Every structure is written in structure tokens, then in C-alpha cells.
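Notes follow the structure.
Note that ligands are numbered from 1 as they come in the structure, with each ligand's atoms numbered from 1 the same way. Nothing here was measured: the structure is a model prediction, and the numbers come from that model.
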Amino acid sequence: MAKPVLLSVDDDSDVLRAIERDLRSHYGAEYRVLASDSPHAALDLLRQLKVRNDRVALLLADQRMPKMDGIGFLQEAREIFPEAKRALLTAYADTNAAISAINDVSINYFFLKPWDPPDQHLYPQLDDLLDDWQASHPPVFEGIRVLGTRWSARSYELRDFLARNHVPYLWLDVELSANDPETRRLLDSLGPEGANLPIVLFPDGTKLLESVPSEVAQKVGGFRTRAETSFYDLAIVGGGPAGLAAAVYGASEGLHTVLIEREAPGGQAGMSSRIENYLGFPSGLSGGDLARRAVVQAKRFGVEILSPQEAVGLRTEGSYRIIKLVDGSEVSCHAMMIASGVQWRRLEAPGVDRLQGAGVYYGGGATEALSCKGEIIYVVGGANSAGQAAMNFARYAGRVVILVRGDSLSSTMSQYLIDQIKHTPNIQLWTRASVAEAHGETHLEEISVLCSDTNKIERVPAAAMFIFIGALPRTDWLANVVQRDDRGFILTGPDLLWSGARPKGWTLERDPFLLETNVPGVFAVGDVRHGSVKRVASGVGEGSVAVQFIHQYLSKV
Ligand SMILES: Cc1cc2nc3c(=O)[nH]c(=O)nc-3n(C[C@H](O)[C@H](O)[C@H](O)COP(=O)(O)OP(=O)(O)OC[C@H]3O[C@@H](n4cnc5c(N)ncnc54)[C@H](O)[C@@H]3O)c2cc1C
């Protein structure tokens with residue numbers, strides 16, 4: 001943790017050097033001693049310290065300075081660091097001014113020049129002031145700080161990215177700064193730059209204005225987007241449960257493995273607040289936890305994880321499978337696994353697109369749960385994912401309304417979740433209902449709901465709406481290479497055989513393996529596969545099983 005600062009200000013360089021020397025010799029081990037010969041420069045320095053999230057314990061200023069006197073400086077400095085102890089250095093002649101400053105502008109102490117010997121005239125009094133300061137001053141948050149507004153899609157995207165990648169950060173909502181003087185002071189210190197939201201402030205004092213996830217990833221470190229080598233035994237596209245399982249099994253069995261993930265390892269499962277049906281975790285575990293553990297496990301076996309990085313094309317050259325990445329680079333491999341899962345289907349209703357990220361969210365929006373304290377929120381959809389989200393939001397929101405088109409949840413949701421919902425008093429189920437429109441200028445304020453019973457539309461207040469209405473694969477980048485069904489799910493194994501005939505262009509003397517596509521050596525697992533069971537355990541199972549087929553395939557390449 002950075003040491004708190006003691007700042008002295010004096011235009012007389014001899015006095016400044018003397019006070020700096022005395023402070024450093026006595027307090028240097030615990031505090032950072034800074035000095036400035038101009039009050040204006042010292043104020044600039046304090047603004048920089050505020051942006052860096054540094055702590056200032058003491059401000060010590062000479063009273064007689066030409067452009068701004070010590071009292072004036074301490075008054076302005078108080079606006080930036082109100083908790084810092086403030087002391088004046090005065091000549092005997094200024095004693096009266098110093099005494100009235102104690103009364104009028106809350107100066108904590110004044111020292112007469114010269115203060116020799118400091119053991120008598122400086123340190124005992126400063127010790128008292130600094131003890132006081134320490135006692136009332138808890139250590140500050142030392143990680144990344146994100147400044148933005150709750151209703152901005154860009155701020156949401158950034159927070160979601162950091163949360164899903166397990167990067168700790170402190171969120172500062174500038175719209176609430178009127179109630180939070182510390183955020184107000186930080187914004188003042190940023191000056192005009194404070195308008196370029198979202199802003200990410202790093203502990204080293206640097207900042208990113210109007211920042212986007214890829215820039216933040218680069219700066220935070222720990223994210224790798226470029227492959228170490230150009231060739232791998234196994235390249236996996238997608239870091240959800242299926243891809244991560246394949247990576248762990250592949251690498252643990254000696255395959256040189258790379259995993260390419262567009263957003264954050266964990267996939268859909270990473271958005272789940274509590275997975276309760278995964279074997280071996282009787283009290284459930286959060287998707288974020290599962291993802292974090294799997295990533296550690298994969299890395300332990302030497303898997304290279306490129307994230308955020310996106311696969312945008314595939315071609316074959318002899319036995320090589322070559323994956324084109326969004327930044328124009330390529331990764332080639334002998335065996336490839338497509339584990340790219342599914343993405344949320346869009347809700348087609350006026351206002352929904354415009355307010356996405358500003359009260360309308362696809363998926364769990366785990367980062368939003370805390371912001372929903374006491375509010376009325378809507379969860380749209382009747383599957384397990386919607387049920388889990390409703391249970392999670394019910395811990396914070398005043399009321400959670402689940403909107404479903406059908407008569408009940410029984411055909412779409414697991415019974416254990418239906419039971420939990422029934423016993424949660426602030427969750428309400430609204431059946432035979434669908435969203436007709438989302439309303440709000442800068443953020444969601446109301447929704448119109450079409451009730452299929454009465455064919456009437458009801459307009460109701462809504463602080464947030466979370467949409468869970470099924471999902472589809474995004475596999476267009478594989479078109480013309482890999483066979484897909486009419487909804488984009490990838491065909492594998494027996495699904496590729498039409499009346500026993502092998503797929504067009506297939507030249508091997510065997511049928512495609514169980515999880516193999518129409519391109520030999522290219523496999524598909526998990527939710528992206530035609531006919532898959534959409535569960536964490538089945539994705540993990542398929543990812544692990546496919547590795548056995550990959551070994552068989554590689555033994556003949
Ligand atoms: C909120 C929620 C709760 C759920 N709860 C449960 C539960 O309790 N129990 C249960 O069994 N199942 C649950 N599920 C379902 C389960 O999470 C999925 O079945 C499972 O995650 C599918 O795993 P997957 O690896 O096939 O795909 P996904 O999890 O969808 O992962 C695919 C990954 O591929 C990445 N990707 C996609 N395209 C590309 C590309 N071109 N380049 C690079 N990367 C790409 C995506 O960013 C994503 O990270 C839940 C799902 C959700 C959304």
C-alpha cells in the first residue's frame with residue numbers, strides 16, 4: 001500500500017529544505033514526504049494525488065508566501081483533502097493570525113519558526129495530529145476505479161467485462177456524486193477530463209478516458225490476446241464449460257493447447273448466480289467461481305488462453321486447420337474444437353434496442369444486481385436462467401416480476417427453482433404476458449406489457465428489465481466450411497449421415513466421430529452443437545469426451 005503523504009509548502013527554499021529534512025528523518029519510514037515551493041503548484045499536486053487515490057495525512061504551510069498565504073492555501077487544499085491535518089508555520093509576529101485561523105478555518109495547529117529542537121517543538125505535536133489522522137482514516141481501496149453512470153451502455157459493458165474477468169474494481173457513479181462528496185472531489189480534481197466517461201483510474205496514477213474493454217485489458221495485464229506460437233495440436237474456440245473442459249483434458253494429456261475466448265472465460269455459465277445441479281457441489285456454486293477454478297486448472301496444465309480474442313474465420317490447408325482472428329492474426333492447428341455456445345436472442349419490441357445497457361439487459365447482469373436495491377425490476381423468460389436471476393435479484397430489489405408468455409413455469413423451469421420462487425415473497429409471477437414496448441428517455445422507466453388473456457396493454461413502472469428468452473448460436477463465420485442446421489447449430493457425428501451417406505467432400509474411410517463435424521479434425525461440443533443438452537454438465541462431458549476422439553484423429557494425421 002502506498003504510504004500516506006505529508007506535504008509541506010514554503011516559498012523560502014532554506015526553510016522548505018529544513019522542514020522536509022526533519023519530517024523525512026522522523027516520519028520517512030511510514031509516510032511519503034513531499035515539498036513544494038509554491039502554493040499553486042502544491043494544489044496541482046494535491047489534485048493529482050486525489051486522482052491517483054493517494055492519501056494525504058498532513059498539510060504544513062508557511063503563512064507568509066507572496067501569491068497566496070498559508071491560510072488561503074490550507075483553505076483550498078481542504079476542498080481536495082478535507083481529512084488531512086492542517087498546520088501553519090508562522091513567525092512570532094503572525095501568531096494572532098494563526099490563532100484566528102484555528103477558530104475560523106479549522107486549522108489544527110501552528111508551529112513557530114524556528115522549531116528547534118524538533119524533538120520538543122515539532123514531533124510531539126505532529127505525532128498527536130498523525131495519530132488522530134490514522135485512527136479516523138481506514139486504508140483506501142487500492143485497485144482500479146471506474147467512473148461512469150449507471151444508465152450508460154458503455155459503462156455497463158466495461159463493468160460487466162471487469163466482473164466477468166474477475167478484475168476487482170471500485171465503481172463510482174458520477175450521477176450520485178451529489179450525495180458522495182469524495183466522488184465530487186475526485187471529479188473536480190479531474191477537471192474537464194471528467195466529462196469523458198467511462199473513465200478508468202489505475203493505481204499507478206494513469207487513466208483511460210472513454211475507455212473500452214480491450215484497452216483496459218491491455219493496461220490491466222494478465223490478459224493475453226496474441227498466441228505465443230503459430231501452431232498448436234489443439235485450438236479451442238469458446239471458453240465456456242465445454243471449451244474449458246476440453247482445454248483441461250487436452251492439455252493434461254499432453255496436447256499443446258490454445259483456447260480463444262471473445263468475452264470472458266466461463267461463457268453463459270459465468271453469468272449464473274448459482275448453479276445447483278452440477279455434480280459435487282451440494283450447496284451450489286456461482287458460475288463465476290466455476291469459471292475461475294477451471295481457468296486456474298487449465299493454466300496449470302499449460303493451456304494458453306487468448307482473451308478477449310475472437311475467431312472470425314476458418315479454412316483448411318491439407319491437415320492444417322487455420323483460424324483467423326479478429327485482429328487479423330491466425331492460429332493454425334491439427335485439431336480444432338468449436339465450443340462457442342449460444343448468445344441471447346433479441347427481444348423485438350420498440351424501445352428495447354435503444355435502452356439496452358440503460359436499464360435493459362440481456363442475461364444475468366450480475367453487476368446490476370446491487371444497483372437494484374429496493375426497485376421494481378422485471379425478468380423476462382421462464383427457463384432456469386431466468387429463475388436463477390430472479391432469485392438473485394430478489395436479494396436486493398424491492399420486487400421482482402417474472403414475465404412469461406405461458407400459463408406457468410412448470411414446463412420450462414426445474415422444480416427446485418419453481419419451489420424457491422414460490423417461497424420468495426418479493427417475487428411475483430406474471431403469466432400470459434409479453435413485453436410490448438420499453439419506455440424512458442435516458443434510461444428505462446416503464447414497460448408496456450401485453451396480456452394475452454385480455455388482449456390489453458398495461459403500462460407499469462420498471463427500473464430494470466433482464467431478458468432471458470432463449471438463445472441462438474453465432475456461427476456465421478463458419479458458413480461454407482462447417483455444416484450447420486437452419487438455426488446455425490453445428491451438425492456432428494451421426495447427424496451428418498444422410499441415409500448412411502457420409503457428408504459431401506468427406507474423404508476418410510471412416511464415418512465422422514461422434515462429436516466431429518463434416519471437416520475431419522474439427523469438433524463441436526456444448527450448446528453450439530445441434531441436438532445438445534443445454535447444461536453445464538453436458539457441455540463439460542462433451543468437451544472431455546471429444547478429447548478422446550482428437551487423440552484418435554491425431555494418431556492418423
Ligand atoms: C444465467 C444462466 C444460468 C444457467 N444456469 C445453469 C444451471 O444452473 N445448470 C446448468 O446445468 N446449466 C445452466 N445454464 C446453461 C449453461 O450455462 C450452458 O448450457 C453452458 O454454459 C454451455 O456451455 P458451452 O461451453 O457450450 O457454451 P457457453 O457457455 O455459451 O460458452 C461459449 C463461449 O464461447 C465464446 N465465443 C462465442 N463465439 C466465439 C468466437 N467466435 N470466438 C471466441 N469466443 C467465442 C463466448 O463468448 C462464450 O464465452 C445457465 C445458463 C445461463 C445463461
Per-residue contact class, Tyr362 against ligand 1 - non-hydrogen pairs under 4.0 Å: neither
query: Using a heavy-atom cut-off of under 4.0 Å, does the side chain or the backbone of Trp477 touch ligand 1, or both, or neither?
result: side chain
field: Where ligand 1 meets Gly267 - atom numbers and elements under 4.0 angstrom, heavy-atom basis
entry: 29 (O), 31 (O), 48 (C), 49 (O)
query: Do Arg145's NZ or CZ and the ring of Tyr169 fall within the cation-pi criteria of under 6.0 Å and 45°?
result: no
message: Checking the N or O distance criterion of under 3.5 Å, is ligand 1 in contact with Ala537?
response: no
task: State the atoms of ligand 1, each with its element, that fall below the 4.0 Å cut-off from a heavy-atom position in Gly526.
output: 26 (O)
task: Report, in ascending order of atom number, the atoms of ligand 1 lying under 4.0 Å from any heavy atom of Arg535.
output: 10 (C), 11 (O), 12 (N), 19 (O)
task: State yes or no: are the ring centers of Tyr361 and Tyr156 separated by less than 6.0 Å?
output: yes
message: Is a donor from one side chain sitting under 3.5 angstrom from an acceptor on the other, for Thr492 and His530?
response: no
task: Mark yes or no for whether Thr412, through its side chain, and Gly382, through its backbone, hold a donor-acceptor pair below 3.5 Å.
output: yes
- line: Of Gln388, Gln309, Gln343, the residue with the heavy atom nearest atom 3 (C) of ligand 1 is Gln388
- request: Run the contact test for Gly539 against ligand 1 with a 4.0 Å cut-off on heavy atoms, strictly below, and give the result.
  value: no
- prompt: What about Glu276: any of its N or O atoms under 3.5 Å from an N or O on ligand 1?
  reply: no
- request: May I ask you to say whether Glu317 pairs ionically with Arg321, meaning some side-chain N is under 4.0 Å from a carboxylate O?
  value: no
- prompt: Polar-atom distance check: Val536 versus ligand 1, any N or O pair below 3.5 Å?
  reply: yes
statement: Counting from 1 in the order shown, the ligand 1 atoms closer than 4.0 Å to a non-hydrogen atom of Val237 are 40 (C), 42 (N), 43 (C)
- prompt: Do NZ/NE/NH1/NH2 and the carboxylate oxygens of Glu441 and Arg354 come within less than 4.0 Å?
  reply: no
message: Does any N or O of ligand 1 fall below 3.5 Å from an N or O anywhere on Ala311, backbone included?
response: yes
query: With a 4.0 Å heavy-atom cut-off (strictly under), which part of Val342 contacts ligand 1: side chain, backbone, both or neither?
result: backbone
- prompt: Taking the six-membered ring of Phe161, is NZ or CZ of Arg159 closer than 6.0 Å to its centre and within 45° of its axis?
  reply: no
Nearest-option assignment for atom 32 (C) of ligand 1, heavy atoms, candidates Ala339, Pro265, Gly238: Ala339
query: Is the His256-Phe231 ring centre distance short of 6.0 angstrom?
result: no
message: With respect to Arg164, determine whether any N or O atom, backbone or side chain, lies less than 3.5 Å from an N or O atom of ligand 1.
response: no
- request: Give a yes/no verdict on whether any heavy atom in Trp344 is under 4.0 Å from an atom of ligand 1.
  value: yes
message: On a heavy-atom basis, I'd like to know which of Glu261, Gln268, Arg262 is closest to atom 28 (P) of ligand 1.
response: Gln268
query: Just checking, Lys219 and Phe202: is the charged tip under 6.0 Å from the six-membered ring centre and within 45° of the axis?
result: yes
Pair Arg529 + Asp485, salt bridge at N-O below 4.0 Å: no
query: Would Gly363 count as a contact of ligand 1 if the rule is a heavy atom under 4.0 Å away?
result: no
message: If the cut-off is 4.0 Å to any non-hydrogen atom of Gly239, which atoms of ligand 1 fall inside it?
response: 33 (C), 34 (O)
Lys/Arg N to Asp/Glu carboxylate O, Arg150 vs Asp173, below 4.0 Å: no
- prompt: Within the structure, does Arg474 bring an N/O atom to less than 3.5 angstrom of an N/O atom in ligand 1?
  reply: no
message: With a 4.0 Å cut-off on heavy atoms, is Ala389 in contact with ligand 1?
response: no
message: Whether the Asp527 and Gln268 side chains hold a donor-acceptor pair (N or O, under 3.5 Å, no angle test) is what I'd like checked.
response: yes
query: Applying a 4.0 Å heavy-atom criterion (strictly less than), which segment of Ala269 is in contact with ligand 1: side chain, backbone, both, or neither?
result: both
query: Do Gln356 and Arg346 have a side chain donor and acceptor closer than 3.5 Å?
result: yes
message: Which of the numbered atoms in ligand 1 are under 4.0 angstrom from any heavy atom belonging to Ile260?
response: 43 (C), 44 (N)
task: For ligand 1, indicate whether the residue Asp527 contacts it via side chain, backbone, both or neither (heavy-atom separation under 4.0 Å).
output: both
- prompt: Taking atom types as modelled and ignoring hydrogens, do the side chains of Gln420 and Gln415 form a donor-acceptor contact shorter than 3.5 angstrom?
  reply: no
